[in-house]
A.B. asks: 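Starting off with a structure, shown below.
As the structure is a computational prediction, the values presented were derived from the model and not from experiment. A note on names: the letters A, B, ... follow the listed sequences, proteins ahead of strands, and every chain is numbered from 1.
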Amino acid sequence: MGREKDAKGDGKAKHKATKLKKLSDNEGAVAGGDAIKNSAKTTKAAERTENGKPHKKAKTPKTEPLESASSTREPVKPEPEDGVFAAKKTGLKRKRIKDEAMEGPSRSSASPASKTKNKRHEEEAQKMKLKKRTEKTVKKEEGEHPVSKKTKRTKEDIEGARQLKIKKKEEEEQSRWRWWEEEKYEDGVKWRFLEHNGPSFPPEYQPLPNNVHFFYNGKKVKLSLAAEEVALFFAQMLDHEYTTKKVFRENYFKDWRKEMTHEERLLITDLDKCDFGELHAMHKAKVEARKGQTKEEKLVLKEANQKVVDEYGYCLLDHHKERIGNFKIEPPGLFRGRGEHPKQGMLKKRIQPEDVIINCSKEARIPVPPTGHRWKEVRHDNTVTWLASWTENIQSAIKYIMLNANSKLKGEKDWEKYEIARKLKSCVDDIRNQYGQDLKSRQMVTRQRAVALYFIDKLALRAGNEKEEGESADTVGCCSLRVEHITLHEKLEGNECVVEFDFLGKDSIRYYNKVPVIKKVFKNLQLFVENKGPGDDLFDRLNTGMLNKHLSSLMAGLTAKVFRTYNASITLQQQLKQLTNKSDNEPEKLLSYNRANRAVAILCNHQRAPPKTFDQSMANLQAKIDARKEALSLGETELKQAKKEAKTRGSSDTKQQILVERKKAAVKRCEEQLLKMEVQATDREENKQIALGTSKLNYLDPRISVAWCKNMDVPIEKIYNKSQRDKFAWAIDMTEDDFEF
DNA sequence: AACCGTACTTAGTAACCTGTGA
DNA sequence: TCACAGGTTACTAAGTACGGTT
């Protein structure tokens, strides 16, 4: 919460990313941090754009993508998978997919074997069922090991565990559905068979114990069950900043009163007179108790959880068991909108089975609703991917139960997304020329569209759909920018035609940036703001619908958000090329990877609140580094000493020679450790306010990373954790080291 | 063209888990 | 052995996109 406040002043982090500090350079850490803090400085790359000077060094991501295209590297190689999602020039998205399925090259790779494959998959499905059982036993064994034998773990034990791990991995590999080798379904068909157990519902409300009381105006009040439950929602949040906010309190109180009985409503008229102290204390005690549980208690809980996952966490989709992403119905509570959300604090109601629509195959076993209940509806729509849905009461938005990111349904879509982005790469020059021309159009709409596109392309802004006022926080994207969100500077800090952006974007994250733009854009902007008030739309003739319609006419499947994907991925690829050397050691390579990733995160404005413990942990690390340094210098003197001694004693003294070698090795080890820590410190410092996860998960074509790993001899595990590897299994499987985005 | 409903991706934070070093 | 930092996962809000209706 309140992140926009944190961002004040220094604004958006901007990684200057001039030539990277040598890793061995101790000040690297500091320099990295400064780059971030200095932030909102005009980008160097932008100067470049305008004076057209290509330069090797600057890698400020902000503007790189725009000009890079013209200067860019070798043409894309026609990869085998290139054509899989190749879109037809004409026709809409849906149709396109159909066309591909009929004639796309995907057939060539997938169909010949498809019959045997289907068979294989059935076998695999069988195996999967088996596996589940074995997996469980495996887990158990693993779990028991450390408890029982930890103290006397023999080599065999360790070796055994290692083997077990390898075996497990192999098994998993065996049972994985290699959907990317199969043909795609026709049209909008998402599945042919879908069976699941429905969503899992949160537990019923447990009334307060008799010794916990709510007080109003100093007097003990026994609340009705409904009112009590909602009171507890508030009490549980008392430590949170939310409960101090006026809007939150007002919304809460209004909704709480709706849950009260008539008598309660008459009595309780002022939130300030409510004393939730005992409820709050009870909640805190519960949290503490959970922390203080014994191992056994925790294990029992874990097993119970696992049971729920086993029952509700998976579905059967076209012969394959797939993990469900969110199989739990969202429990009731108080709405936590982000930013200045007008509805924060409102009561998010408990969802009943009667509110839930189930989607599954006609042939499938229909999930059984909780006893005494029935579903709102059961439908069989295989053109959508959700298994269940309900309408939430705050914004009347529909919520869905859908599959996990490692599923076919999500993976295939993801793959398609990157293929569209790659397609943009091949025509981005034309599109840039086009909107360059459009900047001079006689039509106001066209010019607005061109400027908006310029922003979206150059700055990776979001499209900016219009949103209903008062329904959510006041945030904007490109098309919904208002005059008040930009300031035009003819001259600023040595640059001409600078646009200063300052607005709240998605999740009320502040976007602050000063960007030199080309003259035509600047003139247009001056025109757009003429005779307008601060609250007026900058692009008053434009919306995302019109923009996307135009884009889809330029390239099938092209929408505003494709530019974000494209620019993110192309930036990663370029940065990796520039930053990494084959001769670097692994920590250095990984730092470079993270820096490339970071460049993208900065481009996309992916921020995070600095971790609460940041300064502390930074200091700790520094202390460790200092200690290591001391140890190193000590080691060095010892080495010197030993050498000297060896010299005087002569080479015949093998004992002394051995000592020298040992000292040498110790020094070397020490140096390596030191380097690793320093690299870590640099990385962490540079990452203070930047979140890498979002771009890694949503914007960076995983094939770029996989190819890089192969080229650099870095194990994939170093950059993707388990769930990321699962999600990107398709890319890890199919990507060769010569992949080019 | 304004508006609405639907479906899906993208996003940051909080809770949880685990490996590690005192 | 235990605390705790840091990584991972769960959660759910907040976007984008698009088709249909008025």
Side-chain angles (χ1 to χ4, degrees), chain A residues 1 3 92-94 146 150-151 188 190 240 287 290-291 295 298 301-302 305 309 313 325-331 333 335-339 341 343-344 348 357 359 381 383-386 389 391-392 394-400 402-405 409-410 413-414 417 462-468 471-473 475-480 504-509 541 543-549 551-552 557-562 564-565 568 601 604-609 611-614 616-618 620-621 624 680 684 687 691-699 720-724 726:
Chain A
M1 268 306 87
R3 290 271 304 295
L92 300 167
K93 238 186 176 173
R94 280 269 156 76
K150 199 177 177 182
T151 44
K190 304 289 169 58
H240 204 288
V287 172
R290 208 173 332 134
K291 272 194 215 156
K295 280 206 178 88
K298 278 181 184 165
L301 218 68
K302 205 174 164 186
N305 264 330
V309 174
N326 58 327
F327 54 86
K328 288 179 180 160
I329 295 279
E330 292 174 17
F335 179 70
R336 299 154 92 110
R338 321 239 171 99
H341 202 296
K343 299 195 172 184
Q344 62 189 104
K348 196 168 108 165
I357 303 173
N359 191 34
D381 182 355
T383 69
V384 295
T385 67
W386 52 269
S389 73
T391 303
E392 149 268 0
I394 306 283
Q395 333 234 28
S396 358
I398 307 172
K399 300 270 192 166
Y400 301 93
M402 287 182 186
L403 294 188
N404 188 270
L409 249 25
K410 295 286 184 192
K413 201 76 190 298
D414 212 34
K417 174 181 77 186
R462 295 187 185 83
N465 284 327
E466 49 270 64
K467 30 196 273 183
E468 221 173 322
E471 288 296 298
S472 60
T475 62
V476 296
C478 185
C479 291
S480 49
L504 298 182
K506 182 177 179 179
D507 292 313
S508 294
I509 298 292
R541 313 275 178 94
N543 62 43
T544 54
M546 295 156 66
L547 181 66
N548 282 336
K549 205 174 156 199
L551 288 174
S552 74
L558 186 60
T559 61
K561 89 185 185 99
V562 177
R564 244 168 109 81
T565 312
C604 292
N605 200 34
H606 291 143
Q607 298 188 31
R608 63 165 184 173
K612 286 185 201 88
T613 55
F614 186 85
Q616 182 60 53
S617 85
M618 222 46 219
N620 289 348
L621 190 56
K624 262 163 74 180
Q680 196 186 358
R684 199 184 292 173
N687 237 22
L692 299 186
T694 305
S695 50
K696 205 176 193 176
L697 229 50
N698 299 301
Y699 288 104
Y720 287 145
N721 66 29
K722 177 83 176 73
S723 62
Q724 290 164 341
D726 271 355

A.B. asks: Would you indicate which nucleotide in dT9(C), dT16(C), dC8(B) comes nearest to any side-chain atom of M402(A)?
C.D. replies: dC8(B)

A.B. asks: OP1, OP2 of dC18(C) versus side-chain N and O of T559(A): anything below 4.0 Å?
C.D. replies: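 T559(A) to dC18(C) OP1/OP2: no side-chain N or O under 4.0 Å.
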
A.B. asks: Determine: side-chain N/O of N465(A) to OP1/OP2 of dT16(C), distance under 4.0 Å, yes or no.
C.D. replies: yes

A.B. asks: For the side chain of I398(A), counting heavy atoms from C-beta on, which of dC8(B), dA11(B), dT6(B) is nearest?
C.D. replies: dT6(B)

A.B. asks: Atom NZ of K348(A) and atom P of dA14(C): how far apart are they, to the nearest Å?
C.D. replies: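 Computing the K348(A):NZ to dA14(C):P distance gives 11 Å.
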
A.B. asks: Is it true that a side-chain atom of K190(A) and a backbone atom of V384(A) form a donor plus acceptor pair closer than 3.5 Å?
C.D. replies: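 Checking the backbone N and O of V384(A) against the side chain of K190(A), no donor-acceptor pair under 3.5 Å is found.
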
A.B. asks: When you measure from the side chain of D414(A) to the backbone N and O of K410(A), does any donor-acceptor pair fall under 3.5 Å?
C.D. replies: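 Checked: no pair found.
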
A.B. asks: Base, sugar-phosphate, or nothing for A397(A), non-hydrogen atoms under 4.0 angstrom?
C.D. replies: nothing

A.B. asks: Please tell me if Y699(A) has a side-chain N or O lying less than 4.0 Å from either OP1 or OP2 of dA11(B).
C.D. replies: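 Result: yes.
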
A.B. asks: If I take atom CG in residue L504(A) and atom P in nucleotide dG12(B), what distance separates them, rounded to the nearest angstrom?
C.D. replies: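 In whole Å, dG12(B) P lies 13 Å from L504(A) CG.
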
A.B. asks: Under the salt bridge (charged side-chain N to carboxylate O under 4.0 Å, His left out) test, which residues partner K343(A), sequence neighbours left out?
C.D. replies: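 Testing K343(A) for salt bridge (charged side-chain N to carboxylate O under 4.0 Å, His left out), a comparison that skips the adjacent residues, returns E471(A).
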
A.B. asks: Indicate the atoms forming the closest heavy-atom contact of L547(A) with A560(A), along with that distance.
C.D. replies: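 Minimum heavy-atom separation between L547(A) and A560(A): CD2-CB, 4.2 Å.
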
A.B. asks: What integer distance in Å separates R564(A):CZ from dA14(C):P?
C.D. replies: 17 Å

A.B. asks: If you go through the side-chain atoms of K506(A), does one of them form a donor-acceptor pair with the base of dT10(B) closer than 3.5 Å?
C.D. replies: yes

A.B. asks: Would you classify R290(A) as touching base, sugar-phosphate or nothing, given that sugar-phosphate means primed atoms plus P, OP1 and OP2, and contacts are heavy atoms under 4.0 Å?
C.D. replies: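 Sugar-phosphate, no base atom in range.
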
A.B. asks: From the set dC8(B), dA13(C), dA11(B), return the single nucleotide nearest to any side-chain atom of K413(A).
C.D. replies: dC8(B)

A.B. asks: Please tell me if K467(A) has a side-chain N or O lying less than 4.0 Å from either OP1 or OP2 of dG15(C).
C.D. replies: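 For K467(A), the contact criterion (side-chain N or O under 4.0 Å from OP1 or OP2 of dG15(C)) is met.
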
